[in-house]
Amino acid sequence: DSLLSSSLSFNEYAPYLQLVDLGGLNLTAKYSLREESYPIQGKLVKESLAKTQNYQVDYSGIKEVNTTLSITLRKKEFTDEFKDQNRLDNETVLIRSQSRFNFWDRFIQSDLFYETTTQRSARLERVFVKVEQGTGNYIYLGDLNNNGIADEDEFEQTIFDGDYILTTIPTDELFPVIDLKTSTRWKLDFARLFDKDYSLLGTLIKPIFTETFWRVEENSRLEDTKQIYLLNFSKFLNDSTTVRGSNLFQQDVYLFRNSSELSFRFRFTQRRNLNQFSGGTERGFFNEQALRINFKMVEEINNQTEIITQNDNVASKARNNRAREVNTTEVKTDFSYRPIRNLEVGFIIGAGRSEDTFPDEPTIIDLNSQGLRVTYSFAGKGRIRAEVERKELNANTTENYIPFEVTKGNTLGKNYYWRLNFDYRIANNLQTTFSYDGRLQGAGKVINTMRAEARAYF
């Protein structure tokens, strides 16, 4: 009579064997049996028996290498009483590896991460959840097709006054899948390699610093799971087997990275992704090349200039208004003037062009922007920051649907923004903040938002 539907009884036995510090090598082997019982008609009945094997290897015998490898094999079998309740036997394989390397006095620094597991997963469904106005990033346009249902096409992304957020929930149908996540990061600091080399080669190469990052994620229903385990990339991002997946590569090259006088950074980024939603497949491709230059003109004036080119393509069978083929070129330059330590005045100017070639008649948008900011810091107490910004977007047509990714929340025409932020610590346990935002977008109305807060700590 004391049993609840959430009652649980279990017995678990988990012996293990461990070999410690064999020349920096640690080995661990574990085996466990877990028997679980749940109530049926007021009685505890054996539900399942789970057998788990775990093997772990750790090595840190030399200062240049630190690595861990863990393999877990788990098999769970349900009794007939619970199989009748749609509980299915399952097997799980989990492999996790993490390594760090440091060679030649930190000239080469790298890390490797690998994790894969088998599980049961489902296709995802996009769901819009209503939230307090101003805290979301979507607005509902209304029942445009008069079907009485809030369809996905009737929500529009926004950066202001959104009252919906987008989330994904799994559908009811589950599939056995393999989930893989792996990444690697490599840093080359030539200043450490040529620190005391005064030759011409050392002088030319010493300012170079590179960072390479590669991340792969794949959630797949492929039956031949070893193709995923062994990273056969021809089987990744497949329309028929991939539930969700992405492949991201980023390469940074720095010149004079730590110099306050003059420094350069070139960045190349490329990302491919695929998602299976309940309404269909969505495939994306993103490519960016960016050059950033930091330059100290005089002691009080600094400049940062960025030149960016992007390709942002999305093919979507589920939602035509998400499909796009956008090419963007943008130049931004930011001047910073600091006449005294506590005061900074900045001015930013930018120009660019975005072209969406997905419509029959391509959409071309020319952008120009200007911004002015003033920041004053109260030493150890707080700061006050005021900003004024103007952005103008001119399009060759108003007939096409313009994706949010092209306008970034701005409207065609002139957009004005002004902001004031103030935070000040009155005492060690009393903090005050104040913010004011105003905007005028296109031919719309002026919208003002103000917030103030005082927070005490006890």
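Remember, predicted model here, so these are calculated numbers, not experimental data.
N303 CG to N294 CG: the interatomic distance, rounded to the nearest 0.5 Å, is 8.0 Å. Put simply, CZ on F358 and CG on D360 are 8.5 Å apart, with the number rounded to the nearest 0.5 Å. Taking CZ from R383 and CZ from R425, the interatomic distance works out to 15.0 Å, rounded to the nearest 0.5 Å.
Residue pairs meeting the ring-ring contact (aromatic ring centres under 6.0 Å, His included) criterion with at least one member in residues 222-247, sequence neighbours excluded: W214-F233, F233-F236. Residue pairs meeting the ring-ring contact (aromatic ring centres under 6.0 Å, His included) criterion with at least one member in residues 241-274, sequence neighbours excluded, are F209-Y254.
Checking Y164, F404, Y138 one by one against F155, the ring pair (Phe, Tyr, Trp, His ring centres under 6.0 Å) holds for a single residue, Y164.
For the pair R419 and E389, the salt-bridge criterion is met [side-chain N within less than 4.0 Å of a carboxylate O]. Under the 4.0 Å criterion applied to side-chain N and carboxylate O atoms, K130 and D163 are assigned as salt-bridge partners. Of the charged side-chain nitrogens involved, at least one lies within less than 4.0 Å of a carboxylate oxygen, so that E115 and R96 count as a salt-bridged pair. A salt bridge between R283 and D239 is present, with a side-chain N of the basic residue lying under 4.0 Å from a carboxylate O of the acidic one. Note on R267 versus E288: no salt bridge recorded, every NZ/NE/NH1/NH2 to OD/OE distance being 4.0 Å or above.
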Side-chain donor-acceptor pairs of residues 338-347 under 3.5 Å, sequence neighbours excluded:
{"unit_1": "R338", "atom_1": "NH1", "unit_2": "R341", "atom_2": "O", "d": "3.0"}
{"unit_1": "E344", "atom_1": "OE2", "unit_2": "S336", "atom_2": "OG", "d": "2.6"}

Show me the donor-acceptor pairs within less than 3.5 Å that the side chains of residues 369-378 make with the rest of the protein, sequence neighbours left out.
{"unit_1": "Q370", "atom_1": "OE1", "unit_2": "R390", "atom_2": "NH1", "d": "2.9"}
{"unit_1": "Q370", "atom_1": "NE2", "unit_2": "N368", "atom_2": "OD1", "d": "3.2"}
{"unit_1": "R373", "atom_1": "NH1", "unit_2": "D334", "atom_2": "OD1", "d": "3.1"}
{"unit_1": "R373", "atom_1": "NH1", "unit_2": "D334", "atom_2": "OD2", "d": "3.4"}
{"unit_1": "R373", "atom_1": "NH2", "unit_2": "D334", "atom_2": "OD1", "d": "3.2"}
{"unit_1": "R373", "atom_1": "NH2", "unit_2": "D334", "atom_2": "OD2", "d": "3.4"}
{"unit_1": "T375", "atom_1": "OG1", "unit_2": "R385", "atom_2": "NH1", "d": "3.3"}

For this session: List the steps and the verdict of side chain to side chain donor-acceptor pair (under 3.5 Å) for N302 and Q304.
Result: CA-CA 7 Å; N302 291 279; Q304 178 175 289; over 6 Å; no

For this session: Could you check Q98 against T68 for side chain to side chain donor-acceptor pair (under 3.5 Å), going step by step and ending with a plain yes or no?
Result: CA-CA 5 Å; Q98 192 162 4; T68 299; over 6 Å; no

Exercise. Are Y59 and N66 close enough, and set up right, to give a side chain to side chain donor-acceptor pair (under 3.5 Å), and what steps lead you there?
Worked result: CA-CA 6 Å; Y59 179 74; N66 190 315; over 6 Å; no

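For the residue pair Q227 and N232, a side-chain donor N or O sits within less than 3.5 Å of a side-chain acceptor on the partner. Looking at S99 and D111, their side chains never bring a donor and an acceptor atom within 3.5 Å of each other. Judged by distance alone, the side chains of D437 and Y417 never bring a donor and an acceptor atom under 3.5 Å apart. At a cut-off of 3.5 Å, with distance as the only test, a side-chain donor of N219 or D179 sits close to an acceptor on the other residue. In this structure, a donor-acceptor pair under 3.5 Å is present between the side chains of Q270 and N287. Residues Q441 and T411 have side chains that never bring a donor and an acceptor to within less than 3.5 angstrom of each other.
In this structure, Y337 has no ring-ring contact (aromatic ring centres under 6.0 Å, His included) partners at least two apart in sequence or on a different chain. Taking the salt bridge (charged side-chain N to carboxylate O under 4.0 Å, His left out) definition, one finds that D312 meets it with R324, sequence neighbours left out.
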